Peer 1: 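Handing you a structure now.
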Amino acid sequence: MALEGKNIKIRFLSDLKEGETAVITRVKGYGAFRKRIGEMGFVFGTVVKVIKKAPLLDPVEYEVMGYRVSLRKSETELIEVVTEEEALTLDERSFEGTITIEHLRETVREKGKTINVALVGNPNCGKTTLFNLATGRHEKVGNYGGVTVDTKTAHLQRNGYEINFTDLPGTYSISEYSPEELYVRQHLTNELPDVVVNVIDSSNLERNLYLTTQLIDMNIKVIIALNMYDELDKSGAKFNYIELGKMIGIPIIPTIASKGKGIDELLDEIITMDEEREPVFRHIHISYGSHINLAIEKVSEEIRKVKTITDKYHAHYAALKLLEDDSIFISEVESIGNTNDIIERARKERVKLEKEFNEKSSSLIADAKYAFIRGALKETFSPGNKVSSDKSHSPDKFLTHKWLGFPIFLLFMWAMFQATFTLGSYPVNWIDNAVSWFSDFVGSTMAEGPLRDLIIDGIIGGVGGVIVFLPNILILFFCISLMEDTGYMARAAFIMDRLMHKIGLHGKSFIPLLMGFGCNVPAIMATRTLESRKDRLLTMMIIPFMSCSARLPVYVLLISAFFLKNQGLVLLSVYLIGVLVAVVTALLFNKIFFAKKEAPFVMELPPYRVPTIRNTAIHMWDKSVQYLSKMGSVILVASILIWALGYFPRDKEQSATQPSTEQISENISGSSSVETASETTDVEILQQSEHIENSYIGRIGHFIEPVIAPLGFDWKIGVSIVTGLAAKEIVVGSMGILYQSDLAADETSVNLQTKLQQQTYNKGAKVGQKVFTPLVAFTFMVFVLLYFPCIAVIAAIRREAGNKWAVFVMFYTTLVAWLVAFGVFQIGSMF
Ligand code: GDP
Ligand code: MG
């Protein structure tokens with residue numbers, strides 16, 4: 001056929017006059033733009049008619065596939081077309097002045113078979129060699145930087161396509177720093193090649209991939225030509241480039257340009273990409289760390305309001321450029337007009353970042369890119385005998401070492417928990433004493449009555465219960481902030497990654513799970529650092545099975561009372577049951593809810609930094625305030641509720657003669673004001689116990705008795721379980737009242753334990769039998785471990801994942817607790 005693509009003058013939809021009809025031959029622009037425009041019907045081969053141009057030529061109304069749409073000029077400038085008229089003059093076959101839509105389409109199909117390819121890469125990576133080999137041209141090839149000064153184009157025919165190659169100058173980056181860099185960037189954003197081939201020198205992956213991260217940000221079609229593959233082979237390095245390709249969403253083709261190897265595969269891949277048939281290709285978002293990510297999000301929000309920018313650039317990319325303080329990009333945005341808000345927003349965010357890290361935003365972003373590259377290579381690349389020249393990351397030699405990494409990690413974890421609980425225990429005691437003192441003070445100054453009871457038992461008791469844990473939480477958050485700020489946290493995720501993959505999770509999920517042993521609430525909040533929603537949800541679902549510190553007193557009480565031998569082992573087994581249930585849950589949910597396999601992704605390895613006290617303190621404080629304000633309010637409401645359920649209904653006769661009923665609720669609400677209790681007499685305690693049996697909460701206990709009887713629990717255990725809904729610290733306090741222990745100052749546990757050991761049924765079929773056996777105690781521990789975490793955790797899940805998941809966790813954990821406890825009790829009873 002005589003028609004040759006290159007003879008047709010390229011026209012754009014924006015060039016058409018009113019009433020003209022044309023066929024779309026190509027939609028340019030970056031991925032998201034193309035997708036949106038494509039969804040409106042603007043794809044290859046579609047016939048478009050210009051209906052009406054607005055007075056200011058913007059927007060213009062078109063008819064496409066039978067309906068009308070208006071497009072802005074900035075959009076139509078990216079749509080290549082061929083008109084009826086044009087097709088006529090170019091086609092040698094005569095249509096006698098008339099051309100059918102079919103002819104037009106056929107002509108267009110010929111023209112559409114052009115693929116514009118740009119070669120980009122670092123100097124000396126072999127672009128020109130590749131270009132020459134592919135196109136048969138003979139440009140000068142040199143082994144020193146800067147040989148390719150201007151661009152050269154050449155074309156070749158393959159599978160009915162005409163592929164136009166452009167060899168661009170070599171650059172390490174496409175920022176604004178040198179004319180070459182700017183030139184390459186402008187070629188990419190203005191010429192909009194259909195496919196970009198990123199040539200990479202495989203003997204220097206880390207540096208070469210930097211440019212790749214910039215191409216990823218731009219959301220354009222990229223193929224990597226992994227050139228100098230012979231050098232990589234020679235060095236003995238192992239590189240799973242297929243896996244890397246999947247992680248970064250870019251197909252990677254190994255080539256040896258100097259020997260012509262891999263060129264055919266590369267050309268085929270170019271066609272596959274242009275036809276949008278490449279399964280590996282997808283747009284990924286590089287994670288720049290929570291602070292920069294947040295800034296990008298805020299600036300993007302502003303950018304999305306100005307369509308002229310988003311027609312040309314991916315909003316994230318534009319935000320990143322503005323945050324980098326790229327002066328050329330900024331002036332381009334300024335020239336659009338009406339963009340002051342964007343510029344101002346970006347400036348504010350940039351200043352904030354720079355102040356926080358005390359470093360230029362552009363180098364922060366560059367650091368994050370290298371963190372991404374290092375993370376990607378860590379998982380896919382092991383260098384050969386060539387010694388690593390990378391000095392700044394030498395701690396990684398130990399910290400993520402195959403054998404050493406794990407023990408070192410465990411050591412850090414141990415140190416963290418040790419610090420949290422041992423170091424924390426001193427201030428915990430001070431606060432505990434202060435709360436008791438305050439409680440006594442209020443008790444002695446206020447007149448007796450329900451209001452005093454409410455303030456002392458409901459409010460001070462409840463909120464005091466949370467504040468007491470503040471030192472633990474501060475220390476835990478301090479350690480976590482320290483690990484995050486130094487960059488060790490990312491390494492920990494790495495070390496645990498393989499293990500976590502076995503249960504369908506990701507290494508990063510390990511951190512929140514670990515925090516769960518301290519307190520589930522901050523653990524739930526920590527899931528925010530996970531990128532994929534699936535990982536976030538799944539991690540949240542299993543965190544409640546990590547036995548938090550609030551459950552420990554229950555174990556300690558029961559183990560010391562009923563297990564005289566192997567106490568440590570029994571305790572460990574409880575924790576392990578939690579982990580086991582978590583693993584089974586993860587495997588199960590992976591099958592049911594998250595069956596769709598997700599593409600692998602890169603775990604960043606940020607540079608090690610010396611953390612500043614100021615920064616760590618700020619991060620720690622932020623986390624703590626969040627915890628306190630939100631959890632404080634939930635606990636407050638819950639404690640008041642439980643207090644009221646245990647306080648009412650008031651038996652008038654009794655309350656007149658019985659002054660210390662508040663003792664009951666005081667213990668229930670978990671405040672450990674042990675001192676006041678020591679004065680309580682046995683008679684009073686008996687009365688308290690009777691009162692609680694008649695109170696609403698006692699009735700609830702009796703009401704649920706049939707449900708918990710198969711687990712070997714009596715109604716008092718039932719009440720303790722119900723009070724534990726608010727917070728599990730409360731369980732022991734409730735037991736103390738119900739089983740009539742007087743919780744005398746130093747003999748606390750001895751007394752309660754003996755009481756528990758002596759407790760017998762006084763009604764029903766089991767009269768005279770012991771309530772607690774080691775089996776019942778163990779079953780009870782398992783139940784406390786697994787059931788409903790606490791209101792604060794449910795509130796946290798609700799905030800992070802929504803109502804549906806919060807309700808689901810409530811029922812799921814309780815059901816699992818019942819089933820496992822049932823299994824333990826029934827099987828145990830056989831022996
Ligand atoms: P450019 O600066 O990216 O255009 O790189 P050139 O094409 O000028 O190549 C730089 C040098 O690398 C030349 O000496 C090439 O012969 C050599 N070269 C290119 N590709 C390969 C390859 O795959 N393997 C090896 N060993 N050398 C290559
Ligand atoms: Mg060159």
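Read the numbers this way: they start at 1 and go in the same order the structure lists the ligands and their atoms. All figures in this text were calculated on a predicted structure; none of them were measured in a lab.
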Peer 1: Side chain, backbone, both or neither: which part of Glu231 comes within less than 4.0 Å of ligand 1 when only heavy atoms are counted?
Peer 2: side chain
Peer 1: Sequence neighbours left out, what pairs pass salt bridge (Lys or Arg N to Asp or Glu O under 4.0 Å) with at least one residue falling in residues 316-333?
Peer 2: Arg185-Asp326, Lys312-Glu332, Lys321-Glu324, Lys321-Asp326, Asp325-Arg350
Peer 1: Out of Gly262, Ser203, Gly260, Ser258, who is nearest to atom 27 (N) of ligand 1 when you count heavy atoms only?
Peer 2: Ser258
Peer 1: Any side-chain donor-acceptor pair under 3.5 Å between Asn240 and Thr380?
Peer 2: no
Peer 1: Sequence neighbours excluded, which residues qualify as salt bridge (Lys or Arg N to Asp or Glu O under 4.0 Å) partners of Glu243?
Peer 2: none
Peer 1: For ligand 1, which atoms sit closer than 4.0 Å to a heavy atom of Ala257?
Peer 2: 20 (N), 22 (C), 23 (O)
Peer 1: Can you tell me if Tyr608 and Arg491 form a side-chain donor-acceptor pair at under 3.5 Å?
Peer 2: yes
Peer 1: Ignoring hydrogens and angles, tell me if any N or O in the side chain of Thr255 forms a donor-acceptor pair with the backbone of Ala257 under 3.5 Å.
Peer 2: no
Peer 1: Any N/O of Ile256 closer than 3.5 Å to an N/O of ligand 1?
Peer 2: no
Peer 1: Any atom of ligand 1 sitting under 4.0 Å from a heavy atom of Gly170?
Peer 2: no
Peer 1: Side chain or backbone, does Asp230 bring an N or O within less than 3.5 Å of an N or O on ligand 1?
Peer 2: yes
Peer 1: Taking N or O atoms only and a 3.5 Å limit, does Thr128 qualify as a polar contact for ligand 1?
Peer 2: yes
Peer 1: Could you tell me whether any N, O or S atom belonging to Thr128 is less than 2.8 Å from the Mg ion (ligand 2)?
Peer 2: yes
Peer 1: So, is Pro123 polar-close to ligand 1, with some N/O to N/O distance under 3.5 Å?
Peer 2: no
Peer 1: For the residue pair Tyr172 / Glu180, report whether a side-chain donor-acceptor contact shorter than 3.5 Å exists.
Peer 2: no
Peer 1: Walk me through it: do Asp367 and Tyr288 pass the test side-chain hydrogen bond (donor to acceptor under 3.5 Å, both in side chains)?
Peer 2: CA-CA 9 Å; Asp367 279 352; Tyr288 288 95; over 6 Å; no
